[in-house]
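These notes are about the structure you will find just below.
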Amino acid sequence: MTPQREQVLKVFIETNSEHLGAEEVYRYLISRKLNVSKATVYRTIDLLVELGFLRRLQFDEGVFRYELVDKEEKHSHFICTSCGKIYELKGELSPENVMREYLQLMSSKGYIIEEVDLKFRGLCPKCTKKKKK
Ligand SMILES: [Zn+2]
Ligand SMILES: [Zn+2]
């Protein structure tokens with residue numbers, strides 16, 4: 001691991017794998033007084049995606065966001081159209097959990113599923129509450 005790769009991965013670990021854009025990773029490193037160039041950060045992130053450490057995500061804003069690849073707990077995303085917060089659907093809310101039968105049906109028909117990538121948009125529970133008031 002080169003120090004740059006380590007630094008970038010550390011940002012994701014320290015921020016609890018928030019869905020960061022490359023720009024935010026760069027600003028985080030700068031705020032930590034680390035001497036990196038923007039080009040290096042972008043290049044390092046691309047590399048980490050290729051190496052399978054980070055997953056590239058695209059939500060509404062037209063920028064890529066990234067998160068640590070968590071092989072243990074796959075999750076889908078819910079994006080609130082009101083507050084913009086990105087929620088992770090895990091555990092009982094994970095679509096993979098509910099779709100088990102569907103996935104089994106697909107594989108019985110000969111489809112090999114490597115990844116399920118679902119995005120949901122709408123109002124989050126907090127914003128729903130605010131609206132009702
Ligand atoms: Zn919301
Ligand atoms: Zn996520």
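Counting starts at 1 for both ligands and their atoms, following the listed order. Worth knowing before you read on, the calculation uses all heavy atoms, side chains too, and leaves out hydrogens, waters and symmetry mates. Computed from a predicted model, the values in this text were never measured in an experiment.
Rounded to 10°, the angle that OE2 of E88 and NE2 of H19 form at the Zn ion (ligand 2) is 80°. Draw a line from the Zn ion (ligand 2) to NE2 of H75 and another to OE1 of E67, and the angle between them is 90° (to 10°). The SG atom of C124 and the SG atom of C80 meet at the Zn ion (ligand 1) at an angle of about 110°, given to 10°. Rounded to 10°, the angle that SG of C127 and SG of C83 form at the Zn ion (ligand 1) is 110°.
Taken to the nearest 0.5 Å, the CZ atom of F12 stands 5.0 Å off from the CG atom of L54.
Ionic pairing of R65 and E18 is not present here: no N-O contact between side-chain nitrogen and carboxylate oxygen is shorter than 4.0 angstrom.
Residues forming a side chain to side chain donor-acceptor pair (under 3.5 Å) with K90 (at least two apart in sequence, or on another chain): E88. Every residue meeting the ring-ring contact (aromatic ring centres under 6.0 Å, His included) condition with H77, not counting sequence neighbours, appears here in chain and number order: H19, F59, H75.
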- Message: If you apply the rule salt bridge (Lys or Arg N to Asp or Glu O under 4.0 Å), what do you find for E67 with R56, and how did you get there?
- Response: CA-CA 7 Å; E67 70 182 353; R56 182 181 284 138; over 6 Å; no
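Nearest to the Zn ion (ligand 2), among the N, O or S atoms that H77 has, is NE2.
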